[in-house]
**Q** 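If you scroll down you'll find the structure; I have some questions about it.
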Amino acid sequence: MESIVTATYAVHFNEIAYLQLNEHLAESSYSKIFVLVDENTHASCLPTFMSQVAVANYEIIEIVSGEENKTIDTCTGVWEALSELEADRKSLLINLGGGVVTDLGGFVASCFKRGIAFINVPTTLLAMVDASVGGKTGVDLGPLKNQIGVINQPEMVLIIPSFLKTLAERQLQSGFAEMLKHGLIQKKNYWEVLKLISSFDAIDDLIYDSVVIKNKVVLQDPTEKNLRKILNFGHTLGHAVESYFLESENHETLLHGEAIAIGMILEAYLSHKLSGLSELELIDIKTTFLRRYNKVDFSSEDIKIILGLLKFDKKNSHGNINFVLLNKIGLPTIDEQIPDNLYAEAFAYYKE
Ligand code: GLY
């Protein structure tokens with residue numbers, strides 16, 4: 001698989017990933033190498049990964065897995081570990097894990113001594129097709145998603161799809177929601193192909209296609225002034241749903257992809273009402289997501305709290321909540337505002 005070149009770094013796949021990493025390490029004279037893992041990637045991915053990496057010495061820093069640990073406190077723990085282990089400005093942090101590890105690790109590296117180099121090695125489908133690519137780094141603020149962070153690019157991203165064998169089906173489905181999103185916002189053909197996927201056993205080519213789609217968008221608007229906002233389709237309501245479930249004691253936490261799948265159905269409904277998405281495509285989107293992701297029961301109290309969380313969305317400006325909607329599958333529109341009465345209709349449509 002050919003490497004995908006971004007503005008400042010490359011995304012390498014499979015055996016080329018290891019070759020490129022070893023070449024980079026040989027050329028770069030890093031003072032120390034740190035590998036950030038959680039308990040799952042420490043056990044399931046680190047031994048395989050390090051068996052291919054040509055370094056004699058490295059330090060492992062482990063954080064506890066889970067979105068609830070994507071916090072500034074966890075960052076402080078990693079910064080303290082780096083400091084105790086005498087990391088300096090020429091140190092390298094390799095983030096080996098899912099979206100929490102790559103987002104948090106990228107942020108830790110970007111701030112430590114005003115910035116050290118980092119490399120992302122995503123081990124979940126979600127991190128391979130979305131979180132690890134594009135330079136968004138950061139942590140949550142309480143239950144509010146990704147409120148603190150910076151955009152800063154890694155030295156390289158290494159995608160090794162065999163790590164997906166260590167993942168549960170639910171995690172794979174969660175990542176797949178971001179791939180379906182790529183079809184909805186950029187390429188109807190891709191959406192049609194993805195709809196038919198029933199097994200995640202051989203999806204290397206599709207991971208590649210998703211990274212190409214994301215990279216094409218990020219290349220045109222790396223700091224999300226305009227076009228990059230389209231990558232947030234489903235995320236305005238989806239993040240609010242995810243935050244609510246993260247904090248609520250009455251509900252089980254949803255995985256990111258599960259929450260944005262709900263967000264994409266709701267925002268497809270809004271697209272049908274406001275920006276021309278046909279009823280046929282709306283039904284197609286709803287049935288596709290509900291075939292993969294269990295329907296969640298929302299009470300009117302849940303919906304009220306979820307809508308209250310919209311004011312924290314990162315795309316908001318001048319008091320407006322800005323949505324990404326679809327004119328049709330493959331054609332998004334940004335900075336759309338929603339009349340208040342349509343939110344309840346959207347949830348009613350999701351529930352019916
Ligand atoms: N996850 C959306 C973006 O990277 O812009």
Side-chain angles (χ1 to χ4, degrees), residues 4 6-11 67 70 95 97-107 109-110 118 120 122-141 144-154 156-157 159 171 174-187 190 207-243 254-264 267 312-317 321-326 332-335:
I4 297 171
T6 80
T8 55
Y9 65 96
V11 183
E67 186 71 32
K70 192 176 162 186
N95 302 315
V100 173
V101 169
T102 59
D103 278 14
L104 185 145
F107 180 65
S110 302
F118 67 99
N120 285 337
T123 58
T124 63
L125 187 55
L126 188 96
M128 288 179 192
V129 298
D130 186 38
S132 67
V133 180
K136 281 191 180 174
T137 76
V139 293
D140 302 337
L141 184 63
L144 301 174
K145 295 272 303 171
N146 304 329
Q147 297 282 300
I148 311 297
V150 295
I151 292 182
N152 188 27
Q153 308 299 339
M156 56 175 64
V157 176
I159 296 186
Q171 286 281 352
S174 171
F176 200 65
E178 292 285 1
M179 299 172 74
L180 288 163
K181 179 197 76 181
H182 290 145
L184 289 179
I185 59 169
Q186 285 285 275
K187 217 171 169 185
Y190 188 50
I207 294 170
Y208 190 90
D209 292 344
S210 262
V211 176
V212 168
I213 290 174
K214 174 157 186 184
N215 185 43
K216 201 169 138 215
V217 174
V218 175
L219 273 177
Q220 294 172 74
D221 180 20
T223 55
E224 201 171 298
K225 298 279 182 293
N226 292 298
L227 180 75
R228 187 169 179 171
K229 292 179 190 173
I230 67 173
L231 292 168
N232 294 303
F233 175 65
H235 284 60
T236 313
L237 281 157
H239 269 162
V241 167
E242 187 179 0
S243 293
L254 289 176
L255 297 179
H256 176 69
E258 294 166 341
I260 64 142
I262 296 168
M264 285 192 270
E267 293 177 21
F312 299 107
D313 190 81
K314 292 190 303 306
K315 296 182 302 310
N316 295 352
S317 62
I321 299 165
N322 296 318
F323 277 76
V324 180
L325 298 181
L326 301 175
T333 164
I334 60 169
D335 295 337

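All ligand and atom numbering here is 1-based and tracks the order in the structure.
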**Q** Is there at least one pair of N or O atoms, one from Asn232 and one from ligand 1, spaced under 3.5 Å apart?
**A** no
**Q** Counting each atom of ligand 1 from 1 as listed, which ones have a heavy atom of Leu231 under 4.0 Å away?
**A** 2 (C), 3 (C), 5 (O)
**Q** Give yes or no for whether the N/O distance cutoff of 3.5 Å, strictly under, is met between Asp130 and ligand 1.
**A** yes
**Q** If you measure from each heavy atom of Lys214 to ligand 1, is any distance below 4.0 Å?
**A** yes
**Q** Where's the contact between Val218 and ligand 1, heavy-atom distance under 4.0 Å: side chain, backbone, both or neither?
**A** neither
**Q** When rounded to the nearest 0.5 angstrom, what is the spacing between CZ in Phe118 and CZ in Phe107?
**A** 11.5 Å
**Q** Is a donor from one side chain sitting under 3.5 angstrom from an acceptor on the other, for Lys314 and Asn232?
**A** no
**Q** Quick one: do Asp130 and Lys214 make a salt bridge, cutoff under 4.0 Å?
**A** yes
**Q** Which heavy atom in Ala131 sits nearest to a heavy atom in Gly99, and how many Å separate them?
**A** CB-CA, 3.8 Å
**Q** Salt-bridged, Lys136 to Glu224, with N to O below 4.0 Å?
**A** yes
